[in-house]
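Data first, discussion second: the structure below is written as structure tokens.
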Amino acid sequence: MTPRQRLYRLAFAPLVRGAAKTAILGRNRVRGDMSKGRFTKAEIRDLLKDAWTRFEAHAAQIPHERDAGARLWLLNGALIISAIQAAIDRGVARNYAIELVGDAAWIIYRRVMMVPDALVRLTTRDPAKRLKRDTHLIMDVFPFGPKSYCKRWIDSDRGGVFLVTRCPYQELHHNLLPPEDARDFCQGTACNLDYPLAEMWGGHLERTETLAGGGKYCDFRYVTDTQPEGNRD
């Protein structure tokens, strides 16, 4: 591994371990079948050990991106892919493995994305303005900066609305995986995290297509049901 990848593992291993235990420990080994028992701490420990081993091989294929946030997110993607593959190879049904890893990923994603929202809350109490500023902060500053993610903003008085026409994260999936796995792994984890994120920020996401699903873009319409009120700031 490169020094950056070693630092990533050192920094994120405790967070990943805690998220995996929270999301997976005690869940049915087979969805809906209690007779197969539930995941134990030892099983989660072994799965993570395998995932980190696979991570080294996947991370070695990550291309360089100019944005630091994009480089971080690609390391996240390599680990998520590795964890799903490790679960499948241990006999977990494919769709269930994606669900379990996606649940663990959401725990981490939620904690990370609470930071920009906390900053934005200091600047406005208006729901639509809050949502718009949240989306601009993560898409124009960190982690989805303009040097790596190509996007086009659409003016809206209901929140942050934009189209992403280039996503290094989904490109990594298509570089490392067969087309069907690339689509399902990416959509089932990262893409789907955008929906609860919008709710966490006080709105909801409206979307029609994604790059991972074969679309020409990912449309992000993070909107609220209220209009901005200029006198609320």
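For reference, positions follow the sequence shown, starting with 1.
- Sorted by first then second residue, the side-chain hydrogen bond (donor to acceptor under 3.5 Å, both in side chains) pairs that include residues 6-24, not counting sequence neighbours, are Y8-N76.
- Between M139 and W153, the closest side-chain pair of non-hydrogen atoms falls below 4.5 Å.
- Residues satisfying the salt bridge (charged side-chain N to carboxylate O under 4.0 Å, His left out) test with E99, not counting sequence neighbours, are R27, R31.
- To the nearest 0.5 Å, atoms OH (Y149) and SG (C218) are separated by 10.0 Å.
- Distance CG/D103 to CD1/I98: 12.0 Å, rounded to 0.5 Å.
- I138 and P116 make their closest contact through CG2-CG, 3.9 Å (heavy atoms, listed as atom of the first residue, atom of the second, distance).
- With a 4.5 Å cut-off on side-chain heavy atoms, T210 and Q170 do not count as touching.
- Here the side chains of V223 and H204 are in contact, with some heavy-atom distance below 4.5 Å.
- When each of L48, L47, T40 is checked for a side-chain contact (heavy atoms from CB on, under 4.5 Å) with I44, only L48 meets the rule.
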Extract all donor-acceptor atom pairs below 3.5 Å that involve side chains of residues 59-66 and protein atoms in other chains or at least two apart in sequence.
residue : atom : partner : partner atom : Å
E65     : OE1  : S148    : OG           : 3.0
E65     : OE1  : R166    : NH1          : 3.2
E65     : OE2  : R166    : NH2          : 2.7

May I have the step-by-step check of side-chain contact (heavy atoms from CB on, under 4.5 Å) for F144 and V164, ending in yes or no? CA-CA 10 Å; F144 307 113; V164 172; over 6 Å; no
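- Heavy atoms only, all atoms of each residue included: A23 and L100 are closest at CB-O, 4.4 Å.
- Taking CG of L7 as the reference point, atom OG1 of T2 lies at 9.5 Å (rounded to 0.5 Å).
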CA sep, side-chain torsions, deciding dist, call: W52, S82, side-chain contact (heavy atoms from CB on, under 4.5 Å): CA-CA 7 Å; W52 282 115; S82 300; over 6 Å; no
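- Heavy-atom minimum distance, A212 versus Q187: CB-CG, 4.0 Å.
- Scanning both residues, L172 and A78, for their nearest heavy atoms gives CD2-N, 3.9 Å.
- Of the inter-residue distances, the one linking F185 atom CZ with I80 atom CD1 reads 11.0 Å to the nearest 0.5 angstrom.
- Residues satisfying the salt bridge (charged side-chain N to carboxylate O under 4.0 Å, His left out) test with D219, not counting sequence neighbours, are R221.
- By the 4.5 Å heavy-atom criterion applied to side chains, V120 and W201 are not counted as neighbours.
- When all heavy atoms of F39 and R29 are compared, the pair lying nearest together is CE1-CA, 3.6 Å.
- Atom-to-atom distance recorded for L176:CG and I81:CD1 is 5.0 Å, nearest 0.5 angstrom.
- Put simply, the side chain of R152 does not reach to within 4.5 Å of the side chain of T165, judged on heavy atoms.
- Here the side chain of R133 pairs a donor or acceptor atom with the backbone of T123 at under 3.5 angstrom.
- In this structure, T224 and G202 approach most closely via the heavy-atom pair CG2-O, 3.7 Å.
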Test side-chain contact (heavy atoms from CB on, under 4.5 Å) on R130 and R121 and set out the steps. CA-CA 7 Å; R130 171 191 168 197; R121 282 174 178 266; 2.7 Å; yes
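- A donor-acceptor contact shorter than 3.5 Å links the side chain of D126 to the backbone of K129.
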Just list the side-chain donor-acceptor pairs under 3.5 Å for residues 85-95, sequence neighbours left out, or say none.
residue : atom : partner : partner atom : Å
Q85     : OE1  : H58     : NE2          : 2.8
D89     : OD2  : R54     : NH1          : 3.3
D89     : OD2  : R54     : NH2          : 2.5
R90     : NH1  : D50     : OD2          : 2.6
R90     : NH2  : D46     : O            : 3.3
R94     : NE   : D181    : OD1          : 3.1
R94     : NH1  : D184    : OD2          : 3.0
R94     : NH2  : E180    : O            : 3.4
R94     : NH2  : D181    : OD1          : 2.9
R94     : NH2  : D184    : OD2          : 2.8

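- The aromatic rings of F220 and F162 lie parallel to each other, their planes meeting at an angle below 30°, with 60° marking the opposite boundary.
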Between L72 and F142, does the side-chain contact (heavy atoms from CB on, under 4.5 Å) criterion hold? Intermediate values first, please. CA-CA 10 Å; L72 172 62; F142 188 90; 4.0 Å; yes
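- The CD1 atom of I24 sits 14.5 Å away from the NZ atom of K41 when rounded to the nearest 0.5 Å.
- When the side chains of ILVMFWY residues are joined at heavy-atom separations under 4.5 Å, either directly or via intervening members, V115 and I107 end up in two distinct hydrophobic clusters.
- Listed by chain and residue number, D33, K36 satisfy the side chain to side chain contact (heavy atoms under 4.5 Å, CB included) test with V30 (two or more places apart in sequence, or in another chain).
- With ring centers used as reference points, W73 lies under 6.0 Å from Y109.
- For the pair E171 and C186, the minimum side-chain heavy-atom distance is 4.5 Å or more.
- Checked by atom type and distance alone, the side chain of E209 pairs as donor or acceptor with a backbone atom of K216 at under 3.5 Å.
- Considering only heavy atoms from C-beta on, Y222 comes within 4.5 Å of L205 through its side chain.
- A 4.5 Å side-chain heavy-atom check between N28 and M34 finds at least one atom pair inside the cut-off.
- Remark: M114 CE is loosely packed, at most 12 non-hydrogen atoms of other residues, nucleotides or ligands lying under 6.0 Å away.
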